[in-house]
Amino acid sequence: QVQLVESGGGLVQAGDSLRLACTASGPTFSTFALGWFRQAPGKERAFVAGIGWSESTTSYADFVKGRFAISRDNAKNTVYLQMNSLEPSDTAKYFCAAVRSLGVITVPQEYDYWGQGTQVTVSS
């Protein structure tokens with residue numbers, strides 16, 4: 001069983017930056033593909049960014065391209081989401097997810113493990 005714990009959310013102003021972190025339990029972190037998703041009230045959970053085994057294998061939703069960056073540190077069992085130029089529309093609860101996969105997975109139903117989420121609120 002893999003447990004994921006997110007951190008780094010908070011209340012910021014438009015234009016600010018935040019870095020989310022998600023730390024996983026278990027010795028096989030490097031064999032997991034990881035993803036960040038977000039869910040705003042009344043909306044479905046949406047893919048934000050994903051990373052495969054290799055740090056060079058990444059994918060981003062169109063609405064965050066050029067602003068967000070996903071990375072992983074296998075030595076720390078942690079995946080990060082650097083969020084820059086935040087906008088009020090980025091307000092949501094952000095979740096990290098993991099699945100045993102080589103490549104990036106963008107569909108939430110294909111992930112096996114989920115964290116509890118961390119709230120990001122961006123004021124205008």
Side-chain angles (χ1 to χ4, degrees):
Q1 187 73 9
V2 175
Q3 291 186 325
L4 303 172
V5 179
E6 302 97 336
S7 61
L11 172 62
V12 297
Q13 294 186 329
D16 285 351
S17 298
L18 277 176
R19 188 175 80 155
L20 305 184
C22 174
T23 300
S25 63
T28 58
F29 180 80
S30 62
T31 65
F32 283 84
L34 304 157
W36 284 99
F37 293 79
R38 72 186 189 186
Q39 189 167 18
K43 295 189 176 181
E44 294 187 352
R45 192 166 296 190
F47 171 76
V48 174
I51 189 167
W53 283 19
S54 169
E55 279 220 69
S56 63
T57 305
T58 59
S59 180
Y60 296 92
D62 286 343
F63 54 77
V64 302
K65 282 182 181 177
R67 299 190 298 126
F68 292 10
I70 188 170
S71 61
R72 64 188 298 163
D73 185 339
N74 290 338
K76 295 182 178 180
N77 279 17
T78 300
V79 59
Y80 302 97
L81 184 68
Q82 178 66 45
M83 306 187 294
N84 300 324
S85 302
L86 283 161
E87 304 167 354
S89 58
D90 294 317
T91 295
K93 195 167 189 179
Y94 284 71
F95 299 86
C96 72
V99 61
R100 294 190 190 275
S101 172
L102 179 65
V104 177
I105 304 294
T106 63
V107 178
Q109 291 83 356
E110 295 186 13
Y111 281 84
D112 293 324
Y113 305 102
W114 290 86
Q116 293 300 307
T118 185
Q119 179 67 36
V120 172
T121 303
V122 184
S123 65
S124 58

Worksheet item: Which disulfide bond (SG atoms under 2.5 Å apart) pairs, counting each pair once, include a residue from residues 30-90, with sequence neighbours left out?
Response: none
Worksheet item: Is it the case that one hydrophobic cluster holds both Leu81 and Val5, taking links as side-chain heavy atoms less than 4.5 Å apart, direct or via other members?
Response: no
Worksheet item: Any disulfide bond (SG atoms under 2.5 Å apart) pairs touching residues 81-124, not counting sequence neighbours?
Response: Cys22-Cys96
Practice prompt. Determine whether Tyr80 and Val99 fall in the same hydrophobic cluster, where Ile, Leu, Val, Met, Phe, Trp and Tyr are linked whenever their side-chain heavy atoms lie under 4.5 Å apart.
Written response: no
Worksheet item: Take atom CD in Gln116; do more than 12 heavy atoms of anything else shown fall under 6.0 Å from it?
Response: no
Worksheet item: Quick one: does Ser25's side chain have a donor or acceptor within less than 3.5 Å of a partner on Gln3's backbone?
Response: yes
Fill in: Flag, side chain of Thr78 to backbone of Lys76, donor-acceptor distance under 3.5 Å
yes
Worksheet item: Which other residues belong to the hydrophobic cluster containing Leu102, where Ile, Leu, Val, Met, Phe, Trp and Tyr are joined when side-chain heavy atoms lie under 4.5 Å apart, directly or via other members?
Response: Trp53
Discussion item. Can you list, by chain and residue number, the hydrophobic cluster partners of Val107 when the side-chain cut-off is 4.5 Å?
Written reply: none
Item to complete: For residues Ile105 and Phe47, determine if any side-chain heavy atom of one lies less than 4.5 Å from a side-chain heavy atom of the other.
Response: no
Worksheet item: Partners of Asn74 by side-chain hydrogen bond (donor to acceptor under 3.5 Å, both in side chains), sequence neighbours excluded?
Response: Arg72
Worksheet, complete the sentence: Tightest non-hydrogen contact, residues Thr106 and Ser59, listed as CG2-OG, 4.1 Å
Discussion item. Do Phe68 and Leu86 make a side-chain contact, defined as non-hydrogen atoms from C-beta onward lying under 4.5 Å apart?
Written reply: yes
Worksheet entry | Residue pair Arg67 / Asp90, side-chain heavy-atom distance below 4.5 Å | yes
Item to complete: Return the set of residues passing salt bridge (Lys or Arg N to Asp or Glu O under 4.0 Å) with Lys65 (not counting sequence neighbours), or none when no residue passes.
Response: Asp62
Worksheet item: What are the two closest heavy atoms between Ser124 and Ala14, and how far apart are they?
Response: CA-CB, 4.4 Å
Practice prompt. Would you name the heavy atoms of Glu87 and Val122 that are closest together and state the gap between them?
Written response: O-CB, 3.3 Å
Worksheet item: side chain to side chain contact (heavy atoms under 4.5 Å, CB included) with Thr121: which residues, sequence neighbours excluded?
Response: Leu11, Thr91, Gln119
Worksheet item: Do Val64 and Ile70 share a hydrophobic cluster (ILVMFWY, side-chain heavy atoms under 4.5 Å, transitive)?
Response: yes
Discussion item. Suppose we screen for side chain to side chain contact (heavy atoms under 4.5 Å, CB included). Which residues come up paired with Ala46, at least two apart in sequence or across chains?
Written reply: none
Discussion item. Please list all pairs meeting disulfide bond (SG atoms under 2.5 Å apart) that have one or both residues in residues 40-85, counting only residues at least two apart or in different chains.
Written reply: none
Worksheet item: Pairs in or reaching into residues 5-22: which pass side chain to side chain donor-acceptor pair (under 3.5 Å), with residues at least two apart or in two chains?
Response: Ser17-Asn84
Worksheet item: So Arg100 and Asp112, side-chain contact (heavy atoms from CB on, under 4.5 Å) or not? Walk me through it.
Response: CA-CA 8 Å; Arg100 294 190 190 275; Asp112 293 324; 5.6 Å; no
Worksheet item: Under the side chain to side chain contact (heavy atoms under 4.5 Å, CB included) test, which residues partner Trp114, sequence neighbours left out?
Response: Phe37, Arg45, Phe95, Ala97, Pro108, Tyr111
Worksheet item: For the hydrophobic clusters of this structure (ILVMFWY residues joined by side-chain heavy atoms under 4.5 Å, transitively), does one cluster hold both Phe63 and Ile51?
Response: yes
Discussion item. Once side chain to side chain contact (heavy atoms under 4.5 Å, CB included) is applied, do any residues pair with Ala98, and if so which ones, sequence neighbours excluded?
Written reply: Leu4, Phe32, Leu34, Tyr113
